[in-house]
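Reading through the structure tokens given below for one structure.
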Amino acid sequence: MSERNERNEQPGRTIALVTGANKGIGYEIAAGLGALGWSVGVGARDTGRREAAVEKLRAAGFDVFGVSLDVTDDGSVAAAAALVEERAGRLDVLVNNAAVTGGMPQQPTMVDLAVVRTVVETNVIGVIRVTNAMLPLLRRSASPRIVNMSSGVGSITRQSESADVSMTGPISAAYSPSKSFLNAVTVQYAKELCDTNILINAVCPGYTATDLNGFRGIRTPEQGAAIAIRLATIPDDGPSGGFFEDAGVVPW
């Protein structure tokens with residue numbers, strides 16, 4: 001059965017979409033939300049990996065559905081929104097998890113400008129593209145939530161005050177600034193949406209072992225996913241426009 005033709009009308013079930021959900025933290029976010037009894041869209045651009053993730057999550061007993069989604073492509077994002085609308089008629093939670101590093105090293109004096117463009121296109125513009133496409137569906141939800149997967153390396157406070165590479169990451173002209181950019185965009189969304197019931201926040205998963213960092217992280221993907229799951233499930237009087245990690249608020 002194709003993704004577009006799948007039907008699972010469950011008006012009382014929370015509907016979520018996680019981008020970049022075929023592996024790593026994104027996969028664990030999808031699993032964590034599925035464990036809550038939610039219906040979760042597994043967004044990913046690679047067909048084989050997406051289908052494998054969906055199969056594995058279903059085998060674990062979760063209600064999931066595949067969503068072909070390349071966050072850098074307008075047509076792909078529009079088609080993803082149409083699929084969610086056809087399947088559920090609304091969206092309750094959007095987790096913008098898809099991201100790239102662009103590869104290292106990224107010293108500002110030597111960085112390839114094409115790398116900077118690629119990273120910003122995925123990590124920032126892709127988030128804006130997906131969020132805006134899904135907003136009409138989110139507005140139909142009783143308690144809509146948006147969670148943007150950022151990183152502590154996007155904290156300008158930490159970058160300027162710490163020499164601890166475990167806190168700041170390596171010198172980076174693309175990846176770290178893209179997360180600072182994403183944080184700033186998150187705040188702007190929160191300001192624009194302040195008179196609505198949509199809550200939007202940025203989160204840091206901590207130094208998690210994924211292929212994004214060559215599996216050098218010290219936290220598991222499941223641990224890294226926990227903060228996104230927490231912010232996806234905050235009550236109606238919860239925060240908006242914040243930046244959070246497991247230990248609490250991350251300084252800007």
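Taken to the nearest 0.5 Å, the CD atom of Glu245 stands 9.5 Å off from the CZ atom of Arg230. Taking CZ from Phe243 and CG from Leu182, the interatomic distance works out to 8.5 Å, rounded to the nearest 0.5 Å. Leu193 contributes atom CG, which lies 11.0 Å from atom CD of Gln188 (distance to the nearest 0.5 angstrom). Rounding to the nearest 0.5 angstrom, the gap separating the CG atom in Leu33 from the CG atom in Leu57 is 10.5 Å.
When every heavy atom of Ser39 is checked against every heavy atom of Arg87, the shortest pair comes out as OG-NH2, 3.8 Å.
Residues in residues 96-118 take part in no ring pair (Phe, Tyr, Trp, His ring centres under 6.0 Å) pair, two or more places apart or across chains.
Every residue two or more places apart in sequence or in another chain was checked for a side-chain contact (heavy atoms from CB on, under 4.5 Å) with Pro136, and none qualifies. Every residue two or more places apart in sequence or in another chain that forms a side-chain contact (heavy atoms from CB on, under 4.5 Å) with Gln159 is listed here: Val153, Thr168, Ser176.
Between the side chains of Asp70 and Ser76, no donor-acceptor pair is found at a separation under 3.5 Å. Side-chain contact annotation: Asn96 with Thr19, donor-acceptor N/O pair under 3.5 Å absent. Remark: the Ser150 side chain and the Asn148 side chain contain no N/O donor-acceptor pair separated by less than 3.5 Å. For Asn201 and Tyr189, the side-chain atoms include no donor-acceptor pair closer than 3.5 Å.
No option in Thr101, Asn123, Asn183 other than Asn123 meets the side chain to side chain donor-acceptor pair (under 3.5 Å) test with Ser178.
Taking 4.5 Å as the limit, every side-chain heavy atom of Val42 sits out of range of all side-chain heavy atoms of Glu51. Using a 4.5 Å cut-off on side-chain heavy atoms (C-beta onward), Val71 and Arg129 make no contact.
Put simply, the side chain of Arg49 never gets that close to the backbone of Asn22: no donor and acceptor are under 3.5 Å apart. Proximity of a side-chain donor or acceptor of Arg145 to a complementary backbone N or O of Asp92 within less than 3.5 Å is not detected.
Atom CD1 of Ile171 is surrounded by 12 or fewer heavy atoms from other residues, nucleotides or ligands within 6.0 Å.
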Practice item. Please assess Ile227 against Phe244 for the test side chain to side chain contact (heavy atoms under 4.5 Å, CB included), listing each intermediate value before the final yes or no. Key: CA-CA 7 Å; Ile227 188 63; Phe244 302 94; 4.2 Å; yes

